Amino acid sequence: MLFWHVGGTVWIFRYVFRDPAVDLRALALGAIFPDLVDKPLSLLIMPDPATTRLYAHALSFAMVGLAVAVLGTNRGTAWRKRSVAFAVGLLVHLLLDAMWTAPETLFWPVFGFEFAASGAPTVGQWLLEPFTDPVAAVLETLGLAYLVYLWHRAGLRDPERRRGLLQTGQIITE
């Protein structure tokens, strides 16, 4: 669910941290990264196609990402700010996926090396989920609605503001 993760993560970050200098590009990439990793990986390595939340949906994956961001970068640099934003996106993804309902996956490998069944039986059904599952449709709509609201609030109809967002990852709302 693309809009749910991106819109929800940006909203939560902007509400909780209120940091206008965050790189929204890194935050949004972190918000969708677990799905970008685990969905294709599940097709390659899992005998059960209904298991689509794997390593990148584990808290240990996000914690390693955060540790690398903090310990592997110099304080105050743009690279560190982007890395931390990416790691926060990973963590918020777990929250928005309600991963606490699948502790085998969330706390992997603490509870063993198995992953909880989590997804649609086929990739096609997973891609169609926002159109066939009413809950997924509502969540996608909420995420998209917030992104549209932010687009208008930030004046991103203006090409100069859009260019600024693409170049710096930051938006300015007045």
Side-chain angles (χ1 to χ4, degrees), residues 1-120 123 126-127 129-130 136 139-140 142-143 146-147 150 165-171:
M1 292 194 302
L2 177 69
F3 296 123
W4 170 240
H5 285 299
V6 174
T9 299
V10 170
W11 180 81
I12 288 170
F13 188 91
R14 289 174 58 88
Y15 182 78
V16 171
F17 295 103
R18 301 187 189 275
D19 181 6
V22 68
D23 188 333
L24 293 174
R25 301 168 301 179
L27 186 66
L29 181 60
I32 61 170
F33 194 76
D35 286 338
L36 294 176
V37 170
D38 284 348
K39 301 306 183 206
L41 191 59
S42 70
L43 291 174
L44 297 173
I45 68 168
M46 294 307 292
D48 178 11
T51 304
T52 58
R53 292 178 178 165
L54 305 172
Y55 308 102
H57 282 80
L59 187 59
S60 57
F61 184 87
M63 291 293 95
V64 168
L66 187 58
V68 168
V70 172
L71 301 174
T73 58
N74 294 324
R75 180 176 288 202
T77 62
W79 181 243
R80 177 178 242 177
K81 291 176 184 178
R82 283 188 196 102
S83 300
V84 169
F86 178 81
V88 169
L90 293 174
L91 288 166
V92 175
H93 181 101
L94 301 180
L95 176 70
L96 295 177
D97 267 358
M99 288 307 297
W100 63 86
T101 63
E104 305 90 356
T105 302
L106 179 64
F107 296 114
W108 180 90
V110 174
F111 292 152
F113 293 96
E114 299 296 318
F115 294 100
S118 57
V123 175
W126 176 73
L127 292 171
E129 185 181 36
L139 295 177
E140 281 290 275
L142 287 172
Y146 176 73
L147 292 172
L150 191 58
L165 173 62
L166 293 174
Q167 290 173 349
T168 66
Q170 299 172 359
I171 58 173

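Every value quoted in this text rests on a predicted model; they were computed, and no experiment measured them.
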Which residues pass the ring-ring contact (aromatic ring centres under 6.0 Å, His included) test with Y55, not counting sequence neighbours?
W108, F115
Value rounded to 0.5 Å, distance of CE in M63 from CG in L91:
4.0 Å
Enter the distance from T9:OG1 to L29:CG here, rounded to the nearest 0.5 Å.
11.0 Å
Using every non-hydrogen atom in the two residues, find where T105 and A116 come nearest and quote the distance to one decimal.
OG1-N, 3.0 Å
Could you grab the distance from atom CG of D38 to atom CG of L43, nearest 0.5 Å is fine?
11.0 Å
For M1 and A136, the nearest pair of non-hydrogen atoms, with its separation, is SD-CB, 3.5 Å
Criterion side chain to side chain contact (heavy atoms under 4.5 Å, CB included) on V22 and V88, from CA distance to verdict:
CA-CA 11 Å; V22 68; V88 169; over 6 Å; no
Scanning both residues in full, the closest heavy-atom pair of P40 with D35 reads CD-O, 3.7 Å
Would V92 and F13 count as a side chain to side chain contact (heavy atoms under 4.5 Å, CB included) here? Give the steps.
CA-CA 9 Å; V92 175; F13 188 91; over 6 Å; no
To the closest 0.5 Å, what do you measure between CG (L96) and NE2 (H5)?
6.5 Å
Quick one: closest heavy-atom pair of P109 and S60, and the distance?
CD-OG, 4.3 Å
Does any pair with a residue in residues 76-92 pass salt bridge (Lys or Arg N to Asp or Glu O under 4.0 Å), and if so which ones, sequence neighbours excluded?
D23-R82
Considering all heavy atoms of both residues, which atom of A85 and which atom of L27 are nearest to each other, and what is their separation?
O-CD1, 3.4 Å
Closest heavy-atom pair and its distance - W4, E140:
N-OE2, 2.8 Å
Side chain to side chain contact (heavy atoms under 4.5 Å, CB included) for H57 and M99? Distances and angles first, verdict last.
CA-CA 8 Å; H57 282 80; M99 288 307 297; 3.8 Å; yes
Taking the six-membered ring for Trp, are W11 and Y15 parallel (under 30°), tilted (30 to 60°) or perpendicular (over 60°)?
parallel
Please determine whether side chain to side chain contact (heavy atoms under 4.5 Å, CB included) holds for the pair W100 and L94, giving the CA-CA distance in whole Å, both sets of side-chain angles, and the decisive distance to 0.1 Å.
CA-CA 8 Å; W100 63 86; L94 301 180; over 6 Å; no
To the closest 0.5 Å, what do you measure between CG (L150) and CD1 (I171)?
3.5 Å
Measuring from atom CZ of F61 to atom CG of L66, what distance do you get when rounded to the nearest 0.5 angstrom?
12.5 Å
